[in-house]
Amino acid sequence: MNVPDDIWKKVLSLMEREMTSTTIDTWFDDASALSLEGDCFTLYTPTSFKRDIIVSRYLPAIQNALHELFSSEFRVEVLTGGEAEQRAQGKKDDGFLPGTEEYTFDRFVVGSSNKFAHAAAVAVAENPGKSYNPLYIYGESGLGKTHLLYAIAHQIHETRPDFKIVYIKGDAFTNELIQAIRENRNQEFREKYRSADVFLMDDVQFVAGRASTQEEMFHTFNTLYEARHQIVFTSDRPPKEMLRLDDRLKTRFEWGLLADIQPPDYETRVAIIKNKAIRMGMELPDAVLQFVAENITSNVRQIEGTVTKILAFQDLLGDSVDVKTVTRAVQDMFKDKSDILPTPALIIQEVCKFYDIPEDVLRGQGRTKDTSLARQIAIYLIRRMTTLSLKEIGREFENRDHSTVLSSLSRVEKLVKSDPNIAEVVKDITANVNAHFES
């Protein structure tokens, strides 16, 4: 499938509403689409004369057609002669954040639910360290926080290639710190993060409750902030709701601008579906757009995954895309969350990761304070998130008996009600487990 060529055919079809067939044939008969990259649509025409006519007379018409297709603004570039070949030879991949190239501002569909966060992210990308510092974007998983984080990174990298841009996830920051301490590389670790011109941390909620990580974050933040270097965080909640986060960090996270993202409304969902499909070389019927938008309501990532599955379904089976086909292709995505249960192994894995405890220790007979509490929380979560009986839960922990499992459940239930820190731990681990089921 030649996606730029397919898009060009749709553009010409739309332009035919406003132009005669003679005009189309005269100026566009030998024009071809080279690429659609970011917010730039590139055409090729063999002569400079035609290129000049297209640029001077017809660029607005092409841009209007692209806007009608994508609901986004595009630049249009027209190459001629050997320019296309020179462009191809000159292009190179500099290896910056590989695999994230598509996460740019022009590919972020803006609606009422994310307009404020998008505007703040653009402002930061245009004036890093000056507009809003830190920028703290929060909202549920799958709504576009990471997309905006990468978009900031790519725009700054393009406009300020000399800037050192560091991207890290909250849990990876903790893991790197632990490794640095074990290998006596603390100074190297600090230099990596404190020398950044732009520091981007995804899922900052994972630093909460970890004493050494919070200490390191505090000094990293201070160093970057005092140097007027840009800091951007994303999280699933605002700082005030992170109960295990140090007060001094809460205060600093709130120094700049807090911007939340809400689930997309119906119109935004339709625009996301339409945009994604056309970028993949296909125009979905209105009935299909409406059906998906009405059934996938809360998660942008899942909406985009649904479109990908629809197109794969058509490519593999050759069915025409209609509501019946779409229902069959994505019916598993419409299941209620309650139909999808995590395994005990997954829950134990996430508890071990959170507490940095080996699985065999957690499942075994170790009785240190931290190990016992972690084991009891694992038992509590397995009981709450699966349909296993008490006896079956006991088997996961070297055949612990019924009374031991009950005792663990009782203790954690009381702690969740009486200790906000434990309640926050349970909430964080539950979120980590649930993240495995997001599209």
Side-chain angles (χ1 to χ4, degrees), residues 35-42 59 63 66-67 70-77 91 93-139 143-168 193-204 220-221 223-235 238 252-262 264 268 271-272 275 279 300:
S35 65
L36 176 65
E37 296 181 353
D39 65 347
C40 183
F41 186 64
T42 304
L59 225 53
Q63 290 171 318
L66 287 167
H67 186 274
F70 290 99
S71 301
S72 298
E73 300 295 333
F74 281 86
R75 293 181 294 110
V76 176
E77 190 173 38
K91 225 175 235 189
D93 180 7
D94 62 6
F96 178 71
L97 292 177
T100 70
E101 294 82 3
E102 68 178 276
Y103 295 108
T104 55
F105 284 121
D106 63 279
R107 293 200 176 192
F108 187 87
V109 178
V110 181
S112 59
S113 60
N114 58 28
K115 184 184 296 183
F116 181 63
H118 172 266
V122 170
V124 161
E126 291 176 347
N127 293 291
K130 298 177 182 177
S131 294
Y132 307 108
N133 201 23
L135 173 61
Y136 188 105
I137 303 171
Y138 68 94
L143 298 183
K145 302 186 301 295
T146 300
H147 187 141
L148 288 178
L149 208 60
Y150 283 137
I152 291 169
H154 284 296
Q155 180 160 323
I156 294 176
H157 179 65
E158 183 177 338
T159 58
R160 296 170 172 81
D162 57 321
F163 269 34
K164 179 181 177 181
I165 302 171
V166 176
Y167 167 88
I168 188 73
Y193 294 107
R194 298 183 192 181
S195 63
D197 295 295
V198 180
F199 177 73
L200 310 167
M201 178 172 281
D202 212 357
D203 293 326
V204 72
T220 298
F221 184 102
T223 300
L224 294 171
Y225 186 84
E226 289 167 6
R228 299 181 65 82
H229 292 176
Q230 184 65 54
I231 304 165
V232 185
F233 296 118
T234 72
S235 177
R252 281 161 174 77
F253 288 177
E254 292 175 342
W255 275 354
L257 180 68
L258 302 183
D260 71 320
I261 297 182
Q262 298 295 325
T268 305
I272 290 168
N275 194 300
R279 284 188 181 277
V300 173

Atom pair CG/OG1 of Asp202 and Thr234 - distance to nearest 0.5 Å
3.5 Å
Over all atoms of both residues, closest heavy-atom pair of Pro128 and Glu126
CD-C, 3.6 Å
Checking Ile137, Val124, Leu135, Asn133 against Leu257 for side chain to side chain contact (heavy atoms under 4.5 Å, CB included), the one that qualifies is Leu135
Quick one: are Asp260 and Pro238 in side-chain contact, heavy atoms under 4.5 Å?
no
Ring-plane angle category for Phe221 and Tyr225, please: parallel below 30°, perpendicular beyond 60°, tilted otherwise.
parallel
Any side-chain heavy atom of Leu148 within less than 4.5 Å of one from Phe105?
yes
Excluding sequence neighbours, so at least two apart, what forms side-chain hydrogen bond (donor to acceptor under 3.5 Å, both in side chains) with Arg75?
Asp39
Got a sec: does the CZ of Arg160 have more than 12 other heavy atoms crowding it under 6.0 Å?
yes
Greater than 12 external heavy atoms within 6.0 Å of Glu158's CD
no
Run the side-chain contact (heavy atoms from CB on, under 4.5 Å) test on Phe199 and Ile165 for me, step by step, so that the C-alpha distance in whole Å, both residues' side-chain angles and the decisive distance to 0.1 Å come before the verdict.
CA-CA 6 Å; Phe199 177 73; Ile165 302 171; over 6 Å; no
Nearest 0.5 Å please: distance from the CD1 atom of Ile261 over to the CG atom of Leu143.
6.5 Å
Mind checking the OG-CG spacing from Ser235 to Leu258? Nearest 0.5 Å is all I need.
10.5 Å
Sub-4.5 Å side-chain heavy-atom contact between Leu200 and Val166:
no
Excluding sequence neighbours, so at least two apart, what forms side-chain contact (heavy atoms from CB on, under 4.5 Å) with Tyr150?
Leu97, Thr100, Tyr103, Thr146, His154, Tyr167
Test your reading of the model: is there a side-chain donor-acceptor pair from Gln230 to the backbone of Gly129, 3.5 Å cut-off?
yes
Asp106 side, atom CG; Gln155 side, atom CD - distance, nearest 0.5 Å:
9.5 Å
Residues which pass side-chain hydrogen bond (donor to acceptor under 3.5 Å, both in side chains) with Ser195, listed by chain and number, not counting sequence neighbours
Lys164
Decide yes or no for Ile231 and Tyr136: does some side-chain heavy atom of the first lie under 4.5 Å from some side-chain heavy atom of the second?
no
Closest contact, heavy atoms only, Val300 versus Pro264:
CG2-CG, 4.0 Å
For side-chain contact (heavy atoms from CB on, under 4.5 Å), just list the numbers for Tyr193 and Leu224, CA-CA rounded to whole Å, side-chain angles, deciding distance to a tenth of an Å, and then say yes or no.
CA-CA 9 Å; Tyr193 294 107; Leu224 294 171; 5.9 Å; no
In this structure, CG of Asn127 is separated from OG1 of Thr159 (nearest 0.5 Å) by 9.5 Å
Which residues satisfy the salt bridge (charged side-chain N to carboxylate O under 4.0 Å, His left out) test with Arg252, sequence neighbours excluded?
none
Mind checking the CZ-CZ spacing from Phe41 to Phe74? Nearest 0.5 Å is all I need.
9.0 Å
Between Phe108 and His147, what is the ring plane arrangement, given parallel below 30°, perpendicular above 60°, and tilted in between?
perpendicular
Any idea which heavy atoms bring Gly139 and Lys145 closest together, and the distance?
O-NZ, 2.9 Å
For Asp197, which residues count as a salt bridge (charged side-chain N to carboxylate O under 4.0 Å, His left out) partner, sequence neighbours excluded?
none
Exercise answer: donor-acceptor pairs, residues 114-121 side-chain atoms, under 3.5 Å, sequence neighbours excluded:
| residue | atom | partner | partner atom | Å |
| --- | --- | --- | --- | --- |
| Asn114 | OD1 | Gly111 | N | 2.8 |
| Asn114 | ND2 | Val109 | O | 3.2 |

I need the minimum non-hydrogen distance between Ala153 and Phe96, along with the two atoms involved.
O-CE2, 3.6 Å
